[in-house]
Number of protein chains: 2
Amino acid sequence: MLENARGRKSSREKILDAAAELVSEIGAGRLTLDAVAERAGLSKGGLLYNFPSKEALLQAMIRRMIDQVTESREALRPQLKPGPNLEARLATTTLLNMCCDGKMQEIATGLMVATAENPRLLDPVREVISETLQRIKSDSDDDAALLGWLAVEGLSNLEMHNLSPFSDQDRERIVQAINRLLTKGIAS
Amino acid sequence: MLENARGRKSSREKILDAAAELVSEIGAGRLTLDAVAERAGLSKGGLLYNFPSKEALLQAMIRRMIDQVTESREALRPQLKPGPNLEARLATTTLLNMCCDGKMQEIATGLMVATAENPRLLDPVREVISETLQRIKSDSDDDAALLGWLAVEGLSNLEMHNLSPFSDQDRERIVQAINRLLTKGIAS
DNA sequence: GTCTATATCAAGATAGAC
DNA sequence: GTCTATCTTGATATAGAC
């Protein structure tokens, strides 16, 4: 899907890669078509052939980020043992994994550009989040699942913006506490 | 502090108000000095006398947002009954209150502009978050406080970007669950 | 499908009058 | 302290050649 018959990345993919890299390197507000074109190894005209406007490019960036998250979650599904709060565990683990390999930064800053340029670009994200909530609700009885999910949202948001005050040790304890919450629930 | 001897707002304050309003109305990426000046009721020259550059304006916006959060927290302090996890309860309640009156949106989008233009503008925010963590750690023994705080961070982040999938009913349940967590801890 | 050249414009910032 | 006028830059987008 991502490569053509010869096994080489399409211009489209190269452009999206370049844009994602740039956004995490130079910051969201400084993403320009010139820079993207140069990084992707083609001219601005070539870029604008593939994406007729900057907004089209941003839209495609968001779309791809969403698809990556979904893919990660489904790749993880067969590895988790069934049990209570499975969907919540899937959602949280997926997010936590992404934080570590730098992808999350790209996603965050990508979203940043999106909201800065045009809040409507976030519509597909809204939809995914809504679906995730349904999923989590559909397989959990208590509120622990929601709390755990929200805590991970909070943690990854902080990490996305380089605002996390936690040491590695702190983070490890927190992750374990969230897992405990998802398996044992809130004290009654 | 915010008003001069005649009880009228200073230009500085009018400008900061205007900028905050605009950011929540037209989006972070579209905040221009022209627009701010017009909304504040003065010329661009006048604006640039008060804030010599756009970056200076953004910096002041961030500063004021932080101060508002701190003030809210300290105003709340005498109203909460002492007990376990007081600092965590203060932090979470403050955040949750701000979400409701629209201020939070302004803050969020303000931060958005900041990161888009220049990640370093977030340095003071980093500092505040770090202080908050110290505060919370210093008066709680378990991890429930951290989890509750993170969950509220997650919730308010979603609400800040208009991404919250929760109904009023959902939200109410979640807030209660967080309070339960902060008073009763995680099941062991 | 990709390139170069160019039109167009918006925005930040400066200078100097009042 | 605020205004108007102007400079300058940088970025999106178009047009048409290859």
Side-chain angles (χ1 to χ4, degrees), chain A residues 2-19 21-23 25-62 109-110 112-118 120-121, chain B residues 2-19 21-23 25-62 109-110 112-118 120-121:
Chain A
L2 299 177
E3 303 180 355
N4 64 21
R6 289 248 176 78
R8 289 166 51 94
K9 280 188 179 173
S10 67
S11 285
R12 226 187 123 82
E13 287 301 316
K14 272 194 266 188
I15 291 167
L16 290 173
D17 288 343
E21 282 172 34
L22 276 171
V23 141
E25 283 175 25
I26 64 177
R30 297 196 168 103
L31 185 74
T32 66
L33 297 184
D34 288 277
V36 175
E38 186 189 352
R39 173 69 62 103
L42 85 178
S43 72
K44 193 152 58 166
L47 190 164
L48 283 162
Y49 172 80
N50 287 277
F51 300 94
S53 72
K54 188 176 184 180
E55 181 153 327
L57 172 61
L58 292 173
Q59 217 169 338
M61 287 175 72
I62 304 270
T109 42
M112 207 107 301
V113 192
T115 44
E117 302 278 332
N118 178 2
R120 281 207 174 164
L121 286 169
Chain B
L2 299 178
E3 304 180 355
N4 64 20
R6 290 251 176 77
R8 289 164 53 96
K9 280 189 179 171
S10 67
S11 285
R12 228 187 122 81
E13 287 300 317
K14 272 193 267 188
I15 291 167
L16 289 173
D17 289 343
E21 281 173 36
L22 277 171
V23 142
E25 284 174 24
I26 64 177
R30 297 197 167 101
L31 184 73
T32 66
L33 297 184
D34 288 277
V36 175
E38 185 188 352
R39 172 69 62 104
L42 86 177
S43 71
K44 192 152 61 166
L47 190 164
L48 284 163
Y49 172 80
N50 287 277
F51 300 95
S53 72
K54 188 177 184 180
E55 180 153 328
L57 172 61
L58 292 173
Q59 217 169 337
M61 287 175 72
I62 305 269
T109 42
M112 207 106 299
V113 192
T115 44
E117 303 278 332
N118 177 2
R120 281 207 174 162
L121 286 169

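- The nearest whole Å value for the distance from the CG atom in Leu47(A) to the P atom in dA13(D) is 11 Å.
- For the pair Asp34(A) CG and dT12(D) P, the interatomic distance rounds to 7 Å; values are reported in whole Å.
- If you measure from atom OH of Tyr49(B) to atom P of dG16(C), you get 18 Å, rounded to the nearest angstrom.
- In this structure, Leu33(B) atom CG and dT14(C) atom P are separated by 11 Å, rounded to whole Å.
- Here dC3(C) presents its C1' atom at 13 Å from NZ of Lys44(A), a figure rounded to the nearest Å.
- Side-chain contact between Leu42(B) and Ile15(B) is present, with heavy atoms from C-beta onward closer than 4.5 Å.
- Remark: C1' of dC3(C) and CD of Glu38(A) are 15 Å apart, rounded to the nearest angstrom.
- What separates CG of Leu48(B) from P of dG12(C) is a distance of 9 Å, to the nearest Å.
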Verdict with reasoning, Asn118(B) to Leu58(B), per side chain to side chain contact (heavy atoms under 4.5 Å, CB included): CA-CA 10 Å; Asn118(B) 177 2; Leu58(B) 292 173; over 6 Å; no
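- The 5' end of DNA chain D is approached more closely, in terms of each residue's nearest nucleotide, by Thr32(A) than by the other of Thr32(A) and Pro52(A).
- Using a 4.0 Å heavy-atom distance criterion, Asn50(A) is classed as a sugar-phosphate-only contact.
- Regarding contacts with the backbone of dT2(D), a side-chain N or O of Ser11(B) is found under 4.0 angstrom from either OP1 or OP2.
- Atoms CG (Leu31(A)) and P (dG10(D)) sit 16 Å apart, rounded to a whole Å.
- Using a 4.0 Å heavy-atom criterion, one finds that Leu42(A) contacts the sugar-phosphate atoms exclusively.
- Side-chain contact between Val113(B) and Met61(B) is absent, with no heavy atoms from C-beta onward closer than 4.5 Å.
- The backbone N or O of Met112(A) lies less than 3.5 Å from no partner atom in the side chain of Thr109(A), so there is not a single donor-acceptor pair.
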